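Single-structure report; data block below.
We're numbering straight along the sequence, starting at 1. What you are looking at is a predicted structure, and each value in this text was computed from that prediction instead of being measured. The figures here come from the full heavy-atom set of this structure, side chains too, leaving out hydrogens, waters and symmetry mates.
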Amino acid sequence: MNIDLSWVLNDVLEVRGARHAILVSGDGLLLQRSDDIGRDDAETNAAAMSSMQSLSRAVAGFVGAGHGIWKQTLLEYDGGWIFLIAAGQGSYLAVSAALDVDMEAMSFRMQKTVTSLSKAMSVAPRSDNGAGA
């Protein structure tokens with residue numbers, strides 16, 4: 001089942017300065033992309049974001065013993081920022097933004113988006129298993 005979640009990703013782009021959003025699997029596959037990024041670019045970046053979250057988790061202990069649980073990676077470049085957070089079991093949300101982005105608003109919107117993704121991707125348990133009378 002392939003669910004179109006682009007509407008959820010496009011919501012994170014409501015923050016002034018946000019550019020692109022992708023949803024990535026832990027093994028680097030593109031799960032979803034916002035409307036404004038091409039498929040080839042999104043797939044290339046999905047693979048890179050998977051590696052980035054893996055590296056971030058690997059060095060999490062650097063913050064101190066018992067305090068090394070990865071939550072978010074923030075990368076700064078000459079032209080902007082990349083935000084990367086966990087989006088559920090084995091998936092990650094990455095957002096590209098301009099230098100002047102409101103970082104607090106972006107982090108808040110990403111958390112809200114992750115919550116929306118979780119709800120959109122969950123399936124309610126059946127009350128009847130199909131073995132009928």
**Study point:** Interatomic spacing from OH in Tyr77 to CD1 in Ile82 - rounded to 0.5 Å
**Key:** 4.5 Å
Check your understanding: Do the charged groups of Asp11 and Arg109 touch, with an N to O distance under 4.0 Å?
Key -> yes
Practice item. Using a cut-off of 6.0 Å, state whether more than 12 heavy atoms not belonging to Glu104 lie near its atom CD. Key: no
Check your understanding: Where the side chain of Asp41 meets the backbone of Ile37, is there a donor-acceptor pair that is under 3.5 Å apart?
Key -> no
Exercise for review: Please answer: with hydrophobic residues joined when any side-chain heavy atoms are less than 4.5 Å apart, are Leu75 and Phe83 in the same cluster?
Suggested key: no
Point to revise | Spatial distance of atom NZ (Lys71) from atom OG (Ser107) [nearest 0.5 Å] | key: 13.0 Å
Exercise for review: Could you check if a side-chain atom of Ile22 sits within less than 4.5 angstrom of a side-chain atom of Leu9, using non-hydrogen atoms only?
Suggested key: no
Review point. Going hydrophobic residue to hydrophobic residue with side-chain gaps under 4.5 angstrom, can you get from Val95 over to Phe108?
Key: no
Check your understanding: Which distance, rounded to the nearest 0.5 Å, do you find between the CZ of Arg39 and the OG1 of Thr44?
Key -> 11.0 Å
Check your understanding: Under 4.5 Å between any side-chain heavy atoms of Ser91 and Leu31, yes or no?
Key -> yes
Check your understanding: Atom CZ in Phe62, atom OG in Ser56: separation rounded to 0.5 Å?
Key -> 13.0 Å
Point to revise | Derivation of the side-chain contact (heavy atoms from CB on, under 4.5 Å) call for Val24 and Leu29 | key: CA-CA 6 Å; Val24 181; Leu29 295 177; over 6 Å; no
Point to revise | Thr113 and Leu93, any side-chain heavy atoms less than 4.5 Å apart | key: yes
Point to revise | In one Ile/Leu/Val/Met/Phe/Trp/Tyr side-chain cluster, 4.5 Å: Leu55, Tyr92 | key: no
Review point. Are Val15 and Leu13 connected in a single hydrophobic cluster, I mean Ile/Leu/Val/Met/Phe/Trp/Tyr linked by side-chain heavy atoms less than 4.5 Å apart?
Key: yes
Point to revise | Closest non-hydrogen atom pair between Ala21 and Val12, with its separation | key: CB-CG1, 3.6 Å
Check your understanding: Hey, what do you get for CD1 (Ile85) to CE (Met49), rounding to the nearest 0.5 Å?
Key -> 13.0 Å
Revision key, fill the gap. Distance col, row Arg57:CZ vs Met52:CE, nearest 0.5 angstrom, shows 13.5 Å
Check your understanding: Would you say the side-chain atoms of Gln53 pair up with the backbone N or O of Ser50, donor to acceptor, closer than 3.5 Å?
Key -> yes
Check your understanding: Would you call Trp81 and Met106 a side-chain contact if the rule is heavy atoms closer than 4.5 Å?
Key -> no
Practice item. Considering non-hydrogen atoms only, spot the tightest contact between Met103 and Leu74 and give its length. Key: CE-CD2, 3.0 Å
